[in-house]
Amino acid sequence: MTPPLGSASRDRLRIAIQKSGRLAEPARSLLAACGLSWRESRDRLFCYGESLPVDLLLVRDDDIPGLIADGVCDLGIVGRNELDEQAAGRARIGLAPAYRELRGLGFGQCRLMLAVPEDWDWQGPRQLQGLRIATSYPAILAAWLERQGIQAQVVELSGSVEIAPRLGTADLICDLVSSGATLRANQLKPVETLLESEAVLAGPAQGFDDARAGLAQMLLRRMDGVLQLKDRKLLMFNAPRESLPALQRLLRDAGPLIELPAENGEVALQTMCESAAVSWQRLEELERAGARGLMVLAVERTLS
Ligand code: ATP
Ligand code: ZN
């Protein structure tokens with residue numbers, strides 16, 4: 001049975017994630033990689049945690065900061081853009097920050113940018129004085145304009161911001177950009193970055209004072225392990241001792257090279273590196289420099 005949302009029972013941790021959209025799948029896989037599993041409920045809103053007392057609430061991303069602020073959820077995975085917008089909105093009406101960013105999660109990267117019609121000659125923020133800027137991020141934009149000492153009109157739109165200049169409802173826009181393809185398709189060009197965003201783990205401004213504290217701590221530790229390993233490989237090989245300097249030079253960008261005893265005057269070596277650092281080409285170079293029995297292994301888990 002689905003427990004009542006916002007109930008006082010606090011021996012389980014409740015995490016809000018996006019129900020569907022850009023962050024939904026990566027958020028679930030990250031939590032699954034942390035060892036969490038769930039029983040799917042039929043309403044697909046609440047997923048009861050099976051392996052640990054950690055439940056999921058599947059919602060719209062816009063609702064996540066509010067759910068944390070109201071204590072309905074304990075943690076949330078949401079874009080920094082959304083979290084900062086709602087924090088800036090609260091600040092404007094004199095409310096204290098109700099949540100904080102606990103970790104950047106390395107997916108959902110995008111930028112909140114000003115974009116102007118392609119034929120504009122951009123000379124800097126001063127040019128914005130008196131203009132109309134369409135955005136779904138009015139609080140972040142207003143705070144930025146204030147810091148720049150510029151008075152411009154913020155036109156709040158909930159979607160399709162990029163067509164506002166063509167429709168004549170605004171002169172330029174402030175919107176999320178990842179590849180820039182949407183801007184190009186609308187004859188706009190990005191000119192200023194207001195925020196570098198990615199998905200983040202958000203939690204309440206104050207920590208927990210019950211069983212949730214231990215659960216949150218365990219989850220964070222596992223998450224750090226997963227994030228640290230993302231894209232990491234373990235490289236192992238043998239080599240004659242005299243090849244060591246050349247091999248070390250080739251592996252300058254890897255982690256420390258660890259030497260283990262081996263036979264026949266050889267050393268066994270291992271190091272952690274980014275996947276990109278152990279391309280086929282790199283392995284062939286290492287082999288030419290004396291490495292034997294090269295092996296690249298995926299690293300599943302680490303606790304450090
Ligand atoms: P919901 O139905 O949950 O309200 P949404 O339409 O607001 O969904 P998505 O488009 O799925 O949300 O985007 C979710 C988050 O993905 C954004 O808030 C942002 O942090 C991130 N993101 C990454 N790249 C982009 C992009 N190019 N455009 C918009 N958001 C992006
Ligand atoms: Zn949304």
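Numbering of ligands and ligand atoms starts at 1, following listing order.
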* Check the pair Lys189, Glu118 against salt bridge (charged side-chain N to carboxylate O under 4.0 Å, His left out), reporting the backbone distance first and the verdict last. => CA-CA 5 Å; Lys189 62 178 179 190; Glu118 267 165 358; over 6 Å; no
* Stepwise, does the salt bridge (charged side-chain N to carboxylate O under 4.0 Å, His left out) test hold for Glu266 with Arg241? -> CA-CA 6 Å; Glu266 289 203 331; Arg241 188 164 284 284; over 6 Å; no
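With salt bridges taken as basic N to acidic carboxylate O contacts below 4.0 Å, one links Glu146 and Arg92. Between Glu274 and Arg232 there is a salt bridge, since a side-chain N of the basic residue sits under 4.0 Å from a carboxylate O of the acidic one. Electrostatic pairing of Glu287 and Arg282 does not count as a salt bridge here, judged by no charged N lying under 4.0 Å from a carboxylate O.
Taking the ring axis of Phe107 as reference, the NZ or CZ atom of Arg22 does not stay both within 45° of it and closer than 6.0 Å to the ring centre.
Using a 4.5 Å heavy-atom threshold, the side chains of Leu234 and Val296 count as separate.
Annotation: Tyr137 places no N or O atom under 3.5 Å from an N or O atom of ligand 1; distance criterion only. In terms of polar-atom proximity, Arg80 is not counted as a contact of ligand 1, lacking any N or O under 3.5 Å from an N or O of the ligand.
Between Glu82 and ligand 1 there is no heavy-atom distance shorter than 4.0 Å.
The protein heavy atom nearest to atom 31 (C) of ligand 1 is Arg22 CD, 3.5 Å. Looking only at protein heavy atoms, the nearest one to atom 24 (N) of ligand 1 is Cys110 CB, 3.5 Å. Here the protein heavy atom with the shortest distance to atom 2 (O) of ligand 1 is Arg60 NE, 3.5 Å. Residue, atom and distance of the protein heavy atom nearest to atom 30 (N) of ligand 1 are Leu176 CD1, 3.3 Å. Given atom 20 (O) of ligand 1, the protein heavy atom at minimum distance is Asn81 OD1, 2.6 Å.
With a 4.0 Å cut-off on non-hydrogen atoms, Asp61 touches ligand 1 through its backbone as well as its side chain. If you look at Leu23 next to ligand 1, the close heavy atoms, those under 4.0 Å, all belong to the side chain. With a 4.0 Å heavy-atom cut-off, ligand 1 is reached by the backbone of Ser178 and by its side chain too.
Checked against Leu269 for a side chain to side chain contact (heavy atoms under 4.5 Å, CB included), the options Leu244, Ile258, Leu260 give a single hit: Leu244. Between Leu194 and the choices Asn81, Leu114, Asp84, the side chain to side chain contact (heavy atoms under 4.5 Å, CB included) rule is met once, by Leu114.
Between the side chain of Arg14 and the backbone N or O of Asp74 there is no donor-acceptor pair closer than 3.5 Å.
Close contacts between ligand 1 and Gly79 involve ligand atoms 20 (O) [criterion: under 4.0 Å to a heavy atom]. The Gly21 neighbourhood of ligand 1 comprises atoms 11 (O), with distances under 4.0 Å to a heavy atom of that residue. The distance from ligand 1 to the heavy atoms of Gln18 drops below 4.0 Å at these ligand atoms: 1 (P), 3 (O), 5 (P), 8 (O), 9 (P), 11 (O), 12 (O), 14 (C).
The presence of a protein heavy atom under 4.0 Å from atom 18 (O) of ligand 1 is confirmed.
The local environment of CD in Gln281 is sparse, with at most 12 non-hydrogen atoms from other residues, nucleotides or ligands closer than 6.0 Å. Atom CD of Gln217 sits in a sparse spot, with 12 or fewer heavy atoms from other residues, nucleotides or ligands closer than 6.0 Å.
Between atom CG of residue Leu220 and atom CG of residue Leu215 there is a gap of 11.0 Å, rounded to the nearest 0.5 Å.
Only protein atoms were considered; those of element N, O or S under 2.8 Å from the Zn ion (ligand 2) number 2.
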